[in-house]
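Count residues from 1 along the sequence. Atoms within each ligand, like the ligands themselves, are counted from 1 in listed order.
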Amino acid sequence: MRVLKFGGSSLASAERFRQVADIIKDKSQSSKVAVVVSAPQGVTNHLVAMAENISDEAKLTTDLGHFKRAISTIIEDLSASLSEFNSQHCEQALVNYEHQLQRYMQGATLLSYCPDHIRARIISTGERLSVAILDSVLQSSGLQVSLLSPEKFLFTNESSLNAVADLVLSKEKFSAEYEKLNQVSLMPGFIGMGVSKDNEDGQVTTLGRNGSDYSAAVLAVCMQAECCEIWTDVDGVYNADPRMIKDAKLLDYLSYQEAMELSYFGASVLHPKTIGPIAQYHIPCLIKNTSNPAAPGTLISSENDQQKRVKAISNLDDLTMVNVSGPGMKGMVGMASRVFATMSRESISLVLISQSSSEYCISFSIHSVDAQQAEQSLKEEFELELLNGLLEPITLQGELSIVSLVGDGMHHQRGVAAKFFSSLEQARVNVVAIAQDSSERSISVVIEQRKCTAAMKVSHQNFFSHKPAIDVFLVGCGVVGSELIAQISRQQASLKEQNIALKVYGIANSKGMVFDKEGIDLGNWQEVMVEGAQNKQAVEVNAENIKAFVSDNHLINPVLVDSTSNEALAMSYVDYLAEGFHVVTPNKKANTDTWQYYQELRSTAQKTNRRFLYETTVGAGLPVIDTLQNLIKAGDQLQRFEGVLSGSLSYIFGKLDEGMLLSEATAIAKENGFTEPDPRDDLSGMDVARKLLIMARESGMQLELSDINIESVLPDDFDDSGDVDEFMRNLSKLDSDVSARCETAKAEGKVLRYIGNIVDGKCQVSVEAVDSSHPLYSIKDGENALAIHSRYYQPLPFVLRGYGAGAAVTAAGVFGDILRTLAWEQQH
Ligand code: ADP
Ligand code: ASP
Ligand code: MG
């Protein structure tokens, strides 16, 4: 004998009813089956609304309308698709139940409230209609079905809305029913008969929302079934709620204890009361998908799977934490029991309890629906203690969730809790309370509900998927930005192979930032930007807007990539770091602002455990910053530095050697993407000065930009006003002077180079004529060269040389920094 339970999702439409009937037909060929059904999806909610709106006639009529429409749509669709279907029988059942509902309502209206035993009758009407409809569907295909009435045997306590079954009594009563069963029998779930010792003619009860699973488990015990099958809308139990975690994995096996913990802590695929009876009677339970019967499903049994340590993660929302504390708690015998007795008296169930070892404070979580009642009754119970200051005012914190890690084998593994807590830290989640069961089968934390998805995602990622995410927001899609997008797009397949999920969720140009929840299609980003601007979807680039997107979409590793040279944006990095973003940038403005801001950036990044990465600010893709930082960390000291730090000026001065004019060389350098967006930044020496300042500060010198001595390529009396085009036109006025200076140098066997120096703690940027013995003589064509003379590197300097400008190398350097945010993640 098998019990098959079909949930509301499996009875949501005519098509689902037909699928259910096919499964029953198939199963009944090899074994007797008893079928338990829920109400069609959504129907119980309408009935609950009716019971709650007794005094509001308009609402009542609307809810009744919704209820009738849901049922009659199914009946109509079935009669249109099944030739032998007895729709009249079903329609008549609907009319009868509607009359019955109206009688209950009238009664309740007279009382001006709906007593619980009437409420139980109202809200279980959906199950009864499911039986009537499924009976007709099965009969239309020639199956003879016997109807099982839970009122005759499924005896419970008298709690009308959350009843608990008496298994022994139910088993005993069921024996009288057993003989009457056909090959297929049908029973409404969710319903019991509440009896007391002295009154066996009790009242109808319901087993709690989602309680049909429990009905099936009780029936399985009564029948001594070989298996209890729970048919639903997913292939089985996953290692996290598949609605929340897209790459949740299906579990083949679970032990009873694991299933119990998971369902208790929120895995709604099973009602928490289901496992108790079947575990007690060792009945295996199979979770199956009605729409995919071929899938093997998840088997829940007494087998312990020792291999997998942490099996799954679950979440339970809408909780409130209650704190009872005060000097009167300490050592006072019976305080805890009074607190818990008060809750029990009010039938408030405690989801999780934690008590501080000083006995100063008892905290526990309850469902938020019970919060008001809990507060009120505790205040009454402890009125005297509160008055006398023995207790501090009772506090409640709402909108909380519990996230639990579950697995039988967890106690064999060290470091699970540590990994869990660092995952929470990574998701920037504060832990309100912690509990671990003594068998170490679960660890639970209470956290703010708004952070629940992020906590689930990051924990799932660290324990199961091992697929770290990088969530990029790119500001600036000029030469470097667009090359970066192209590189990320090209590397997607290889990143996937390395199990890295890198997505660009936002791109901004001067019109604003466009977002895509799924990640922007990088093959098509230009059109996305145009459309975004046209449809006015682009939003202003600021930390609030991007943060709101990150939090709405529960992203866990957001990285702001600034590939502009914008000052205002650079000045807001601190805000981004403070909000939990990593910041990656080739923009030099932040690191060359005041020393105070420079320090603030670093301290904020440290405080929030985020990375501020700017490798490409000096020498583009050349590993300058990282190398220098490592040397300094290892105790080295910078003594002297010289270098060609500008790719554009390296290119331009190289071309001057060949006799090209300054204006021509600048135009070509600009076209090739060697210059800054505005070439004045290069020719003025400002760009090199900034790089030099960054080098100096990395080496520990507390300098400001104004401390750098700069010789500009543009003489003081040169008019460099106007927009970029105008400036480029004016530049030719300098051609003859610059060429003449070049010729003079040439006559001495020298070339002109634009060199940055750090000597004796002073920084200088200037045009120098150097001969062929000078290491920077041959540096041209966009190459950079940096000679670091240090305590460790002497007398020969440490030299770095290579292309120091150009979209491809700069973008690759930025890409490298973006990936370095992962090294941080993997430490956790
Ligand atoms: P039914 O209508 O069949 O009773 P429910 O909606 O009560 O179905 O339960 C099935 C749902 O449980 C799934 O659709 C899924 O969204 C949710 N769920 C939550 N946690 C899990 C989990 N760990 N594994 C599978 N499903 C889960
Ligand atoms: N129909 C009831 C509910 O929605 C019971 C169930 O579906 O299991 O809560
Ligand atoms: Mg359910």
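- Of all protein heavy atoms, the one closest to atom 16 (O) of ligand 1 is R243 NE, 2.8 Å.
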Next on the checklist: Assess the residue pair L154 and M187 against the criterion (side-chain contact (heavy atoms from CB on, under 4.5 Å)); give the C-alpha distance rounded to whole Å, side-chain angles, the decisive distance to 0.1 Å, and a yes or no.
Outcome noted: CA-CA 11 Å; L154 210 165; M187 179 181 103; 4.0 Å; yes
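- Atoms CD and CG, on Q449 and D317 in that order, are 4.0 Å from each other to the nearest 0.5 Å.
- For D213, no heavy-atom contact with ligand 1 is shorter than 4.0 Å.
- No side-chain heavy atom of Y264 sits under 4.5 Å from any side-chain heavy atom of L316.
- Taking all heavy atoms of S268, G211, G189, G7 into account, the minimum distance to atom 5 (P) of ligand 1 is reached by S268.
- Among the atoms of S212, some N or O lies under 3.5 angstrom from an N or O of ligand 2.
- Atoms of ligand 1 lying under 4.0 Å from any heavy atom of Y238, numbered from 1 in the order shown and given with element: 22 (C), 23 (N), 24 (N), 25 (C).
- Numbered from 1 in the order shown, with element, the atoms of ligand 1 that lie under 4.0 Å from a heavy atom of G236 read 24 (N), 25 (C).
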Next on the checklist: Under the criterion side-chain contact (heavy atoms from CB on, under 4.5 Å), I'd like the reasoning laid out for S291 against R16: C-alpha separation, chi angles, the key distance, then a yes or no.
Outcome noted: CA-CA 8 Å; S291 304; R16 291 268 186 280; 3.4 Å; yes
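- What sits closest to atom 7 (O) of ligand 2 on the protein, heavy atoms only, is S38 OG, 3.2 Å.
- Scanning the protein heavy atoms around atom 3 (O) of ligand 1, the nearest turns out to be T232 OG1, 2.7 Å.
- Distances under 2.8 Å from the Mg ion (ligand 3) pick out the protein N/O/S atoms N210 OD1.
- Comment: K311 does not engage D408 in a salt bridge, judged by the lack of any side-chain N to carboxylate O separation of less than 4.0 angstrom.
- At a 4.0 Å heavy-atom cut-off, ligand 1 touches P242 through the side chain alone.
- Taking 4.0 Å as the cut-off between side-chain N and carboxylate O, E151 and R128 count as a salt-bridged pair.
- Contact annotation: for K5 versus ligand 1, heavy atoms closer than 4.0 Å belong to the side chain alone.
- Atom 14 (O) of ligand 1 has D233 OD1, 2.8 Å as its closest protein atom, hydrogens excluded (heavy atom only).
- Protein heavy atom in closest approach to atom 7 (O) of ligand 1: N210 OD1, 3.2 Å.
- Here the side chains of F17 and V20 are not in contact, with every heavy-atom distance at 4.5 Å or above.
- Classification of K27 and E226 as a salt-bridged pair fails, no side-chain N sitting under 4.0 Å from a carboxylate O.
- Residues L400 and S365 have side chains not in contact (no heavy-atom distance under 4.5 Å, counting atoms from C-beta outward).
- A salt bridge links E229 with R2; the closest basic N to acidic carboxylate O contact falls under 4.0 Å.
- Distance CG/D77 to OG/S72: 9.5 Å, rounded to 0.5 Å.
- Note: no N/O pair closer than 3.5 Å links N239 and ligand 1 by distance alone.
- Taking the side chain as every heavy atom from C-beta outward, E158 and H117 never approach each other to under 4.5 Å.
- Residues L148 and F153 form a side-chain contact, since some pair of their non-hydrogen atoms from C-beta on lies under 4.5 Å apart.
- S38 has its side chain within reach of K5: a pair of non-hydrogen atoms, C-beta onward, lies under 4.5 Å apart.
- Near S9, the atoms of ligand 1 lying under 4.0 angstrom from a non-hydrogen atom of the residue are 1 (P), 2 (O), 3 (O), 8 (O).
- Across E127, H271, R209, heavy-atom proximity to atom 5 (C) of ligand 2 is greatest for E127.
- With a 4.5 Å cut-off on side-chain heavy atoms, M105 and I122 count as touching.
- Residues K173 and F155 meet the side-chain proximity criterion, which asks for heavy atoms closer than 4.5 Å.
- At under 3.5 Å, not a single nitrogen or oxygen of G266, backbone or side chain, sits near a nitrogen or oxygen of ligand 1.
- For ligand 2 and G211, the ligand atoms under 4.0 Å from any heavy atom of the residue are 5 (C), 6 (C), 8 (O).
- Ligand 1 lies nowhere less than 4.0 angstrom from a heavy atom belonging to S38.
- Not a single heavy atom of S10 sits under 4.0 Å from any atom of ligand 1.
- Given atom 18 (N) of ligand 1, the protein heavy atom at minimum distance is D241 OD1, 3.6 Å.
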